[in-house]
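The next block holds one structure in the form of C-alpha cells; read it before the comments.
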Amino acid sequence: MGRRRPRPFKNKRERDGGGYITHVKENKLFEKYYKELGFVPEGEWDAFMNALREPLPITFRITSFGGETAELKKLVKTEFIGKLLEEKSETDKPKVVCLPWYPDELGWQLNSSRQEVRRDARFEKLKTFLLQETECGGISRQEAVSMIPPMLMDVKPHHKVLDMCAAPGSKTAQLIEYLHNTPDNQIPEGYVVANDVDNKRCYLMTHQVKRLNSPCCAIINHDASYLPNLRYGEGPREFVKYDRILCDVPCSGDGTLRKNQDIWSKWTPNQGINLHGIQMKILKRGLDLLEVGGRLVYSTCSLNPVEDEAVIASMLQQCEGTVELVDVSQEIKNLKHTPGLSYWKLMTKDGSEFFDNYASVSNYTHFQPSMFAPAKEESETLNLHRCMRVLPHQQDTGGFFIAVLEKKATLPWQQKKEAKLAEQKEAPSEANGGDVKDNKMEDGGTTQPADSGDGDTKKRPAEEEEDLNPKPSKMVSRRLHGYKEDPYIFMDEKDPMWDPIRTFYGIPEDFPRNQVMYRTENGQRRTLYFVSSAIRDLVRKNNDRFKFINLGVKVFGRSKSPLVPDCDYRIAQEGLVTMKSLLQKRTIVLSKEDFIVAITKENPLFKEFSSDGVSKFQAIDVGSVGILYKGSESGCRPACELVICGWRGKTSIRAFINNGLRFHYLRLFSEKLAEDLAIQMELKKQQKKDKEKSTGEEEGNVDTDLTENACEDQTGVDLEVTKGEENEEDAGDDGVDECDNDNDNDKSTDKQIDGGGS
C-alpha cells in the first residue's frame, strides 16, 4: 500500500520551512485589475508587488504634547536605537530609521519583521521599552500611513474636531495631541468627539484615548452615516458645526495586504463596489456637519478608485462648487505619493470584462453611475489629481488614499432647507393649518404627511433645522445597543460634598466645580471626573439624545481612612496633569534623589530621604499628596516636570502608580535605574514563588495572592508590609484603603472594557 497523499491546505495556504502555515501571496484578479488602472508608475510594477509581499515594518511615534516629549526623544535616540541606527537588516536596509516626513523626529520605523524582532536579542531591550511606554502613553504604536490624515487636518487648540469612524483610536489620539499643543499645557478651548458604530470597539478605543488623560475628548457610539446633530448653547435649535472632520471610512482594506494576509485569497473587485454606498453616505454626513471654511479629510486603506476617487468625484458633483479639493502635496515634506486618478475602469467579479462608463453596463445591476469616472472636461474642473495615493514600495509602508476637502459655502441641500425654514417663519401660522399642533386632528387621530411640490415630505420646523437623517437599519441598530451606560451627572455649584475636598487640598475657590462629574444617581459617588467647559456643555445638552461612552479624566477617588477624617477622597494619578498646580496644600516638591527614592522603594521611611525632604513631609498632615519633581536646572536629565500621586503616612511615603509609569519616570532619570528595579522585582517574584513552594500552604497562598494582586494593580509593585510597629500600621492602612480605591473606577466601564473583546 502506497503512502497517503497529503491533503491540500485551504485558502491557498502552505507550510513554510519552520512549520508555520503561510498564505500564498498571489491573486490574479488583483494584479489584472490594478495593472489595468495604471496608477503604479511605469517600470515600478514589480517593485510594487514585491513590496506587498514583504512584512510590514514596525512603526511608532512619540507623544507630541507634554513636557516629556523632548526627553523621551533623546532617550530613544541614545539608549534604545543609537547602535541599531548604524546596523543593516537582512535586506540591507538600516535596522531603524526616522520617518523622514513625520515632524520633529517623533516617528520611527524598524525595518524588520515581527518574527525577526522576536528572534533578535538586540531588540529585546527595545521591545520592553515599547511595551512599557505604550502602556503609560509615552509612545503610540501606529502604522506609518495611518499617521498622515491627522497631520493634514491642521488641528488648532480652538478647533471643534470630529472623528467619524474612530476605532481603534490611534488617529484620535493623534488629534488629541495636536489639540493640546498649547502654551504651558493649558486646557484648550476646542475638543475632539470620537465616534464609532461598533459598541465593543468603542471600549477598546477608550483604553487607547485614556492614556493621554485629556479632559477635552468625548467618545460616542452612533452610525456615522446617520450621525445626529449635537446641540449647544441656550437656544433650542443651535447645533455644532465642526472645524475639522476626519472621515476614515470602512473599506476593503487591500492597502493592508502586508499585515492582513487573508486579503490575498479573499480579494475581489466586488468588495469595493459593495462598500461604495456606505462610504458616500458617511462622507455626505461629514460635509453636512462641517463648518463653512472647515476642512474634512477623507481617507481609506484601499487602493480601489471605486472607494476613493469615485466617492470624492460624485460628492463634489452633488456639492455644485460649494466644496473643493485642497492641494496638500506640499504640506507634508518628503512624503512620496502618486496623484489621484481622473480616469478609471470597473471590472466584473470574474475579471472577464472592463467598463469605463455606466452606459456600457448591461447585465450587472450592482454597478451604479456614481462609481464611474466623470467626463474628461468635468474631471479637470474637479481637480481629482489633488488626491493622494501612497503606494507601499515608495517608502516601505502600507497603501493609503487621502483627499482633503474644504467647505467654501453652505451645501445645496442645506440651502434649500434654510430657504424652507425662512418661508415657514415668514408665513402666518394659519398657513400651516392644524398640522403645527403636534400633527393631530380634532378627533385625536394623526394627520397624514402631505406631499410638497418638489416631492419632499413635509416636516415640522424643528425637524427640518436639525437635518435628521432616516434611522439606521436594524443591523446597525443592533450594533449600537451594546452596554447600558450610567448617566453623567455634573456637580452643582452649591454641592456640599466639594467643600471638604477643596479645603483639604487647598483648591482655589474659583475652580469650576460644575465641570466635575460623577456617574451614579443613587449611592456613593466613588469617582469624580473632570471635563473641559466645552465638553460639559455638550453633555448637558445631549445626554438624552446621544450615547456617550466615555469622557473626562479621573481626578479623585473615594477611599475613606480613619487617619484622614476631614476628606474621604484621594488624588488620582490620571488627573494630576490637570490638577497639579491647584493642590496648593497637598503638593510636595522633592529633589531628584528624593523623587527617585519615592518611586523606587515600596514604602520608604522618612529617614531614607534627605533632611529637606523630611522637613517637607513633616510640614504636611497625613493623607493623599501630589509629589512633584520640578526638573533639573543644572543640565542633568530630565529637564521636565514629573508628578505622581502618593500617600503621606505617619512615618513613610508611598507612591501609588502602576508599573508602566514607574519605569517611565525612572527611565527619564537613568535607564540603569529602570533596569535595576526590573531585576529587583524579578528576584522578589522568584523568592515569593520559592517560599510558596516550600511552605505548601496552598489555600492560604491563594487568599494572599488575591489581596496582593488587587493592590498591585494600583501601586504597580507587590506591597510588602515592613516589620515594625509604626511602619506596619502605615503600610496596613495605606494598602487596604488603596485596594478599595482601585475599585472606585467606573465599574461599568471597566467591566465593559473587559467584556468588549479586548
> So do Val209 and Ser214 actually touch side chain to side chain, heavy atoms under 4.5 Å?
Replying inline: no
>> Any salt bridge linking Asp104 with Arg61? Criterion: basic side-chain nitrogen under 4.0 Å from a carboxylate oxygen.
In response: no
>> I need the Leu126 CG to Leu130 CG distance, nearest 0.5 Å.
In response: 4.5 Å
> For the side chain of Gln573 and the backbone of Val643, is there at least one donor-acceptor N/O pair under 3.5 Å apart?
Replying inline: yes
> Do Leu666 and Ile599 have side-chain heavy atoms sitting under 4.5 Å apart?
Replying inline: yes
>> Set out, in order, the CA-CA distance, both residues' side-chain angles and the distance that settles side chain to side chain donor-acceptor pair (under 3.5 Å) for Asn514 and Glu493, then state yes or no.
In response: CA-CA 6 Å; Asn514 61 357; Glu493 287 286 355; 3.3 Å; yes
>> Can you confirm whether Met497 sits close enough to Leu528 that some side-chain heavy atom of one is under 4.5 Å from a side-chain heavy atom of the other?
In response: yes
> Under 4.0 Å between a Lys/Arg side-chain N and an Asp/Glu carboxylate O for Glu692 and Lys689?
Replying inline: no
> To the nearest 0.5 Å, how far apart are CZ in Phe530 and CE in Met491?
Replying inline: 12.0 Å
> Just wondering, are more than 12 heavy atoms of other shown residues or ligands nearer than 6.0 Å to NZ in Lys672?
Replying inline: no
> So among Lys684, Arg654, Arg662, which one has a salt bridge (Lys or Arg N to Asp or Glu O under 4.0 Å) with Glu602?
Replying inline: Lys684
>> On a heavy-atom basis, which atom in Tyr529 and which in Val555 lie closest, and how many Å separate them?
In response: C-CG2, 4.1 Å
> With Phe129, which residues qualify under ring-ring contact (aromatic ring centres under 6.0 Å, His included), at least two apart?
Replying inline: Phe80
> Could you state the interatomic distance from CD (Gln109) to CD (Glu143), rounded to the nearest 0.5 Å?
Replying inline: 10.0 Å
> Of all heavy-atom pairs between Arg648 and Val625, which one has the smallest distance, and what is that distance?
Replying inline: CB-CG1, 4.1 Å
> Does the side chain of Thr600 come within less than 4.5 Å of Asp676's, by heavy atoms?
Replying inline: no
> Where is the tightest heavy-atom contact between Cys202 and Ile549, given as atom of each residue plus distance?
Replying inline: CB-CG1, 4.1 Å
>> Checking Asp492 now: which residues fulfil side-chain hydrogen bond (donor to acceptor under 3.5 Å, both in side chains) with it, not counting sequence neighbours?
In response: none
> Between the main-chain N or O of Thr63 and the side-chain N or O of Thr69, is there a donor-acceptor pair closer than 3.5 Å?
Replying inline: yes
> Do the non-hydrogen side-chain atoms of Ser140 and Ser170 ever get within less than 4.5 Å of each other?
Replying inline: no
> Would you say the side chain of Asp499 lies within less than 4.5 Å of the side chain of Arg502, judging by non-hydrogen atoms?
Replying inline: yes
> For His180 and Pro215, which heavy atoms make the closest approach, and how far apart are they?
Replying inline: CE1-CD, 4.0 Å
> Do Asn181 and Glu177 have a side chain donor and acceptor closer than 3.5 Å?
Replying inline: no
>> Tell me whether Lys592 at atom NZ has more than 12 heavy atoms from other residues, nucleotides or ligands lying less than 6.0 Å away.
In response: yes
> Can you tell which of Glu79, Glu675, Glu133 makes a side-chain hydrogen bond (donor to acceptor under 3.5 Å, both in side chains) with Arg667?
Replying inline: Glu133
>> Looking at every non-hydrogen atom in both residues, tell me the closest pair between Val564 and Gly623 and how far apart they are.
In response: CG2-CA, 3.7 Å
> Any side-chain heavy atom of Lys77 within less than 4.5 Å of one from Cys98?
Replying inline: no
> What distance do Tyr629 atom OH and Cys640 atom SG have between them, rounded to the nearest 0.5 Å?
Replying inline: 8.0 Å
>> Let me confirm one number: the NZ-OG distance from Lys171 to Ser146, rounded to the nearest 0.5 Å.
In response: 3.0 Å
>> For the residue pair Lys580 / Thr587, report whether a side-chain donor-acceptor contact shorter than 3.5 Å exists.
In response: no
>> Quick check for you: to the nearest 0.5 Å, what is the distance between His664 atom NE2 and Ile657 atom CD1?
In response: 10.0 Å
> Judged by atom type as modelled, is there a donor-acceptor pair below 3.5 Å linking the side chain of Ser624 to the main-chain atoms of Ile571?
Replying inline: yes
>> Quick one: does any side-chain atom of Glu71 pair with a main-chain N or O of Glu68 as donor and acceptor, under 3.5 Å?
In response: no
> Can we call the ring centroids of Phe556 and Tyr505 under 6.0 Å apart?
Replying inline: yes
> Of the non-hydrogen atoms in Leu212 and Phe65, which two are nearest, and what is the gap between them?
Replying inline: O-CZ, 3.6 Å
